[in-house]
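Here is how names work: the chains are called A, B, and so on, in the same order as the sequence lines, proteins then strands, and each is numbered from 1.
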2 protein chains.
Amino acid sequence: MFVITAEEKGPDMPTLSTGEYTLVYNAFSFVFAAMFATFIFLVLSRAGVAPKYRNAVTMSALVVAIAGYHYFRIFESWQAAFVLTPGANGAAASYTASGSPFNDAYRYIDWLLTVPLLTAELIAVMAITGAKKTSLTIRLAGAAALMVALGYPGEIASDIGTRTIWGVISTIPFLYIVYELFVGLGPAIQQEKGNVKGILSNVRWLMLATWGFYPIVYSIPLLTGGAKLSATAVIAVQVGYCIADVLAKCGYGVIIYNIARLKSEGEPVTAAGTYAPASGD
Amino acid sequence: MFVITAEEKGPDMPTLSTGEYTLVYNAFSFVFAAMFATFIFLVLSRAGVAPKYRNAVTMSALVVAIAGYHYFRIFESWQAAFVLTPGANGAAASYTASGSPFNDAYRYIDWLLTVPLLTAELIAVMAITGAKKTSLTIRLAGAAALMVALGYPGEIASDIGTRTIWGVISTIPFLYIVYELFVGLGPAIQQEKGNVKGILSNVRWLMLATWGFYPIVYSIPLLTGGAKLSATAVIAVQVGYCIADVLAKCGYGVIIYNIARLKSEGEPVTAAGTYAPASGD
């Protein structure tokens with residue numbers, strides 16, 4: 001699900017104006033700050049959720065911690081990939097490729113860890129129990145990991161044909177996840193009460209909308225002929241991933257927390273004023 | 001709401017005396033220390049507040065964590081933007097522009113995350129509940145984000161006309177926030193008891209006074225003709241932002257915590273001496 005491999009990008013990074021370079025730089029910094037702020041929020045707020053929903057909040061916290069780490073790495077790699085070059089004859093300075101490759105394979109490593117967790121936290125916050133919960137978690141998390149892993153050979157391939165083939169194969173587990181979300185999880189969502197039912201139903205659309213962004217970006221080289229990306233394409237891809245990641249990880253994590261909070265309100269409280277310990281914590 | 005873009009600043013940073021450079025350097029270091037100290041205080045003190053007010057303290061903690069991160073970055077960018085240059089013929093050494101841009105777009109990213117949180121924590125600590133709370137939070141946080149986002153195009157514009165237009169447009173959501181704070185929140189503040197009523201009333205003035213500082217700084221280039229800033233102007237802007245940020249984030253966060261503490265005193269305590277879990281945490 002990626003556009004540009006480290007190998008392709010290294011020598012081929014386009015020359016960017018200082019404004020273009022800074023836009024991407026600032027977008028990475030923004031996402032890093034959003035990830036760690038969400039992490040602090042989830043860690044601090046976790047104890048206020050009934051124990052059986054805490055696993056969902058813990059997984060949300062892991063997702064943003066992992067993504068925050070990778071954004072820090074991506075940020076550093078972006079800095080290393082460019083050199084500020086003074087313009088000749090009084091022209092504006094620009095950022096040119098330093099020769100050091102821009103490694104956004106970090107994103108694949110991030111996804112391999114976080115995308116299965118995103119599916120698992122959705123199931124953890126629902127009213128599904130026992131063997132059915134385990135089975136669903138394994139199937140959805142497994143399909144998510146498979147989807148990411150199958151996209152990678154296409155990502156590092158230098159020819160369009162190989163990229164297309166792996167892209168198509170990777171779409172199969174994606175479609176399976178969509179099927180499970182909208183058909184498989186339907187009955188379990190109908191069993192939820194009040195607000196929770198509506199929020200869970202909407203959260204599937206958030207997943208679909210944000211996840212759907214990745215295959216679009218993956219396809220850009222297929223449309224542009226796979227050669228060196230223009231400055232505009234590089235910026236669009238990076239800023240687009242940033243927006244998708246904030247929605248799919250921070251936004252989604254906070255929504256999962258809110259579902260857990262709402263569901264905790266109906267849970268019994270002990271004489272000590274705390275939630276009774278239960279499975280899941 | 002910013003004065004100088006990376007592009008403008010990079011090559012155009014004025015030459016500073018070592019005293020001038022160090023003053024700003026130390027101001028950044030001071031704010032970083034104030035932010036992380038406030039963060040530690042809020043995290044440690046959070047459990048002493050009744051659960052329904054903990055979200056307000058959590059958000060205060062997030063604000064100073066996010067701001068602390070950005071001040072660290074601003075600090076590093078400031079160091080990179082200057083080079084210590086020995087004076088000729090025995091003159092005093094000075095700090096001259098290194099060519100590396102001073103990126104205080106970090107401030108905009110910081111505000112985009114923290115300013116909506118500042119409005120949300122005020123509502124979280126008040127006696128507003130249910131749909132009204134959600135609606136107010138969305139309106140105020142949305143207006144705050146809009147205010148910051150609309151200021152940015154003016155900030156990065158190189159001509160005075162564009163800067164003025166976006167500055168004026170950005171003022172509209174600012175005025176809306178002021179209206180909501182002083183008119184919309186009026187009845188809810190009147191419902192509060194004792195000290196809390198007075199503190200909440202005053203906290204609005206703290207917001208207005210500290211936030212009002214930013215448009216003044218934003219306007220400096222309009223008054224000075226928009227060209228390269230003098231050393232004095234650069235120092236005034238940076239030190240001014242530092243003071244405003246400490247008041248608007250650390251000071252405000254501690255006041256919000258105190259309101260939460262005062263309100264917690266009236267909350268029921270369980271047999272074990274802890275607060276019962278409740279909505280909001």
> Is a side-chain donor-acceptor pair under 3.5 Å present for A:Y71 with A:D245?
Replying inline: yes

>> Parallel, tilted or perpendicular: which one describes the rings of A:H70 and A:Y106, with boundaries at 30° and 60°?
In response: tilted

> Where on B:I66 is there a heavy atom nearer than 4.5 Å to chain A: the side chain, the backbone, both, or neither?
Replying inline: both

>> Counting only non-hydrogen atoms closer than 4.5 Å, does B:L117 touch chain A with its backbone (N, CA, C, O), its side chain (CB onward), both, or neither?
In response: neither

>> Counting the benzene-type ring for Trp, do B:F82 and B:F102 have ring centres under 6.0 Å apart?
In response: no

> Can you check whether A:V49's main-chain N or O pairs, donor with acceptor, with A:R54's side chain at less than 3.5 Å?
Replying inline: yes

>> Using a 3.5 Å distance criterion without hydrogens, assess whether the side chain of A:S77 forms a donor-acceptor pair with backbone atoms of A:N103.
In response: yes

> If every non-hydrogen atom of A:T15 is compared with every non-hydrogen atom of A:S94, which pair is closest and at what distance?
Replying inline: CG2-OG, 3.7 Å

> Residues in ring-ring contact (aromatic ring centres under 6.0 Å, His included) with A:Y25, at least two apart?
Replying inline: A:Y21, A:F75

> Within residues 28-42 of chain A, which positions have a heavy-atom distance to chain B below 4.5 Å?
Replying inline: A:S29, A:F30, A:F32, A:A33, A:A34, A:F36, A:A37, A:I40, A:F41

